[in-house]
Amino acid sequence: MPEPITTVGLGAIAAYLGKDGISKILGPTAEYVGGELQAFTKKRIENVGRIFQSAERKLGQDIDSPGAVSPKVLKNIVNEGSYSDDDISVEYFGGVLASSRTDLLRDDRGARIARKIDNLSTYQLRTHYFIYSTIANICKDSGESVHRSEGRANLQIHIPLQGFADSLGLTQKEWDNPQLLHHIFHGLDSDGLIGSTWGFGSVENIKPLAHSQNVNEAGIVCEPSAAGAELFLWGFGHGQKTLDYIFDNEFNSELDGLDSMIIGSTQTKYNNQN
């Protein structure tokens with residue numbers, strides 16, 4: 001049985017943050033942290049520290065304004081996020097923590113968002129990031145809205161298969177798994193994190209789904225969903241913004257060491273109009 005490390009755990013997390021970082025982020029909820037960290041392993045403590053560090057970075061100067069995080073949100077992020085050491089998972093959990101800091105303590109929406117993140121495999125979460133970051137970048141000036149079903153359909157994108165594999169950093173062994181793409185896209189679809197019109201494979205397979213006759217490369221076609229855009233914004237600390245904020249010039253979806261979009265991707269509706 002691991003030795004209880006409540007005090008050590010708090011110190012380890014504090015080492016990732018600026019002065020009084022834990023109390024600034026959580027407000028009065030900070031008193032719950034010690035109990036949550038009892039009997040955590042060193043690795044889980046490190047993961048929580050990275051999540052808090054991500055939240056602090058996303059809050060920026062807002063960290064000094066009044067606010068707190070719901071204990072229910074904290075519980076989900078600490079318990080579920082502590083097992084996630086993938087960089088995108090850490091960023092998303094950190095974003096949810098930052099988004100959950102509010103002067104309305106009963107606002108515990110972040111608990112549900114955190115559970116959504118935890119329910120996704122690493123492959124699904126990384127794909128979610130690249131789909132929405134790609135849409136945010138290449139559809140910025142399209143004038144379409146994520147709020148409307150017609151707008152979401154017009155935000156459909158085509159992703160080349162090779163570009164997808166490269167962005168996810170898939171090994172040949174992973175790419176050779178015949179179930180991988182089914183796992184990723186059926187999973188995102190069943191969770192409502194992409195629109196219901198999607199497909200992957202040869203040009204012949206995906207062209208009937210695309211809003212363009214110019215699709216001439218094997219790949220993936222998919223559309224955003226309102227729930228998928230919501231998760232994306234929460235993952236970047238903007239859970240209080242409108243869904244169309246992903247197209248705002250102030251919004252930045254760049255993550256260290258990763259491309260912010262899948263190279264070669266196009267907006268199919270745009271292609272259809274030209």
Side-chain angles (χ1 to χ4, degrees), residues 88 92 109 112-140 142-161 163-165 167-168 170 177-236 238-239 241-247 253 261-262 264-273:
I88 294 181
Y92 269 49
R109 291 174 295 155
R112 186 170 185 271
I113 300 293
R115 288 195 296 272
K116 281 188 177 184
I117 296 170
D118 185 55
N119 285 335
L120 295 175
S121 71
T122 300
Y123 297 115
Q124 290 167 338
L125 186 61
R126 292 179 77 83
T127 299
H128 177 272
Y129 165 71
F130 280 112
I131 286 175
Y132 283 88
S133 187
T134 298
I135 289 173
N137 278 279
I138 69 175
C139 303
K140 185 181 292 291
S142 68
E144 300 293 349
S145 173
V146 184
H147 291 279
R148 299 181 296 106
S149 58
E150 181 182 356
R152 293 191 294 272
N154 291 340
L155 291 168
Q156 183 191 72
I157 58 172
H158 169 261
I159 302 169
L161 283 178
F164 177 79
S167 291
L168 262 69
L170 298 175
N177 185 336
Q179 293 188 22
L180 182 62
L181 290 179
H182 291 278
H183 161 78
I184 292 172
F185 287 96
H186 280 290
L188 292 176
D189 181 22
S190 66
D191 287 343
L193 297 178
I194 55 174
S196 58
T197 301
W198 59 271
F200 56 82
S202 66
V203 173
E204 292 73 21
N205 285 342
I206 62 175
K207 183 167 282 191
L209 301 172
H211 299 318
S212 172
Q213 295 302 307
N214 296 330
V215 172
N216 53 16
E217 182 179 355
I220 301 157
V221 292
C222 61
E223 301 167 1
S225 69
E230 178 190 38
L231 179 63
F232 186 59
L233 284 172
W234 276 79
F236 281 87
H238 300 297
K241 301 285 189 179
T242 175
L243 297 183
D244 288 334
Y245 186 68
I246 65 173
F247 301 125
S253 61
M261 61 174 287
I262 300 176
S265 299
T266 56
Q267 182 183 1
T268 60
K269 185 69 173 180
Y270 177 84
N271 285 342
N272 195 38
Q273 292 175 337

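As the structure is a computational prediction, the values presented were derived from the model and not from experiment. Computed from heavy atoms alone, side chains included, the values below leave out hydrogens, waters and symmetry copies.
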Residues Thr242 and Leu233: closest non-hydrogen pair is O-CD1, 3.3 Å
Between Glu144 and Cys139, does a side chain to side chain contact (heavy atoms under 4.5 Å, CB included) hold up when you go through it step by step? CA-CA 8 Å; Glu144 300 293 349; Cys139 303; over 6 Å; no
Nearest-0.5 Å distance that lies between atom NE2 in His186 and atom NE2 in His182: 6.0 Å
Side-chain donor or acceptor of Asn119 paired with backbone N/O of Arg115 under 3.5 Å: yes
Would you check if Tyr132 and Ser225 make a side-chain contact, meaning some heavy-atom pair closer than 4.5 Å? yes
Give the ring-plane orientation class for Tyr129 versus Phe232, where under 30° counts as parallel, over 60° as perpendicular and anything between as tilted. tilted
Hey, is the main chain of Ser133 close enough, under 3.5 Å, to the side chain of Asn137 for a donor-acceptor pair? yes
Between CD1 of Ile157 and CE of Met261, what distance do you get to the nearest 0.5 Å? 8.5 Å
Measure across Ala218 and Ser202 and return the closest heavy-atom pair with its distance rounded to 0.1 Å. CB-CA, 4.1 Å
Gly201 versus Ile206, closest heavy-atom pair with distance: N-CG2, 3.8 Å
From Gln156, Glu223, Lys207, residue fulfilling side chain to side chain donor-acceptor pair (under 3.5 Å) relative to Thr268: Gln156
Does Arg152 reach the main-chain N or O of Ser145 with its side chain, forming a donor-acceptor pair under 3.5 Å? no
Angle between ring planes, Tyr92 versus His128, binned at 30° and 60°: parallel, tilted or perpendicular? perpendicular
Could you measure the distance from the CD1 atom of Ile246 to the NE2 atom of His238? Nearest 0.5 Å is fine. 11.5 Å
Walk me through it: do Ile131 and Leu193 pass the test side chain to side chain contact (heavy atoms under 4.5 Å, CB included)? CA-CA 10 Å; Ile131 286 175; Leu193 297 178; over 6 Å; no
May I have the step-by-step check of side chain to side chain contact (heavy atoms under 4.5 Å, CB included) for Trp234 and Lys116, ending in yes or no? CA-CA 11 Å; Trp234 276 79; Lys116 281 188 177 184; over 6 Å; no
All heavy atoms of Ala210 vs all of Val221, minimum pair found to be CB-CG1, 4.2 Å
Are the side chains of Leu155 and Lys269 in contact, using a 4.5 Å heavy-atom criterion? no
Taking atom CD1 of Ile135 and atom OG of Ser142, what is their separation to the nearest 0.5 Å? 10.0 Å
Tell me, with the steps shown, if Phe185 and Ile220 meet side chain to side chain contact (heavy atoms under 4.5 Å, CB included). CA-CA 10 Å; Phe185 287 96; Ile220 301 157; 3.6 Å; yes
Once rounded to the nearest 0.5 Å, what's the spacing between atom CD1 of Ile117 and atom CD1 of Ile88? 11.5 Å
Between Ser196 and Asp189, what is the shortest heavy-atom contact and its length? CA-OD1, 4.0 Å
Taking all non-hydrogen atoms of both residues, which atom of Leu168 and which atom of Tyr123 are closest, and how far apart? CD2-O, 4.1 Å
Separation between CG of Leu125 and CG of Leu231, rounded to the nearest 0.5 Å: 7.5 Å
Hey, does the side chain of Thr134 reach the backbone of Ile262 with a donor-acceptor pair shorter than 3.5 angstrom? yes
Min side-chain heavy-atom separation Leu161-Leu181 under 4.5 Å: yes
Please check this pair: side chain of Ser190 against backbone of Gly187, looking for a donor-acceptor N/O pair closer than 3.5 Å. yes
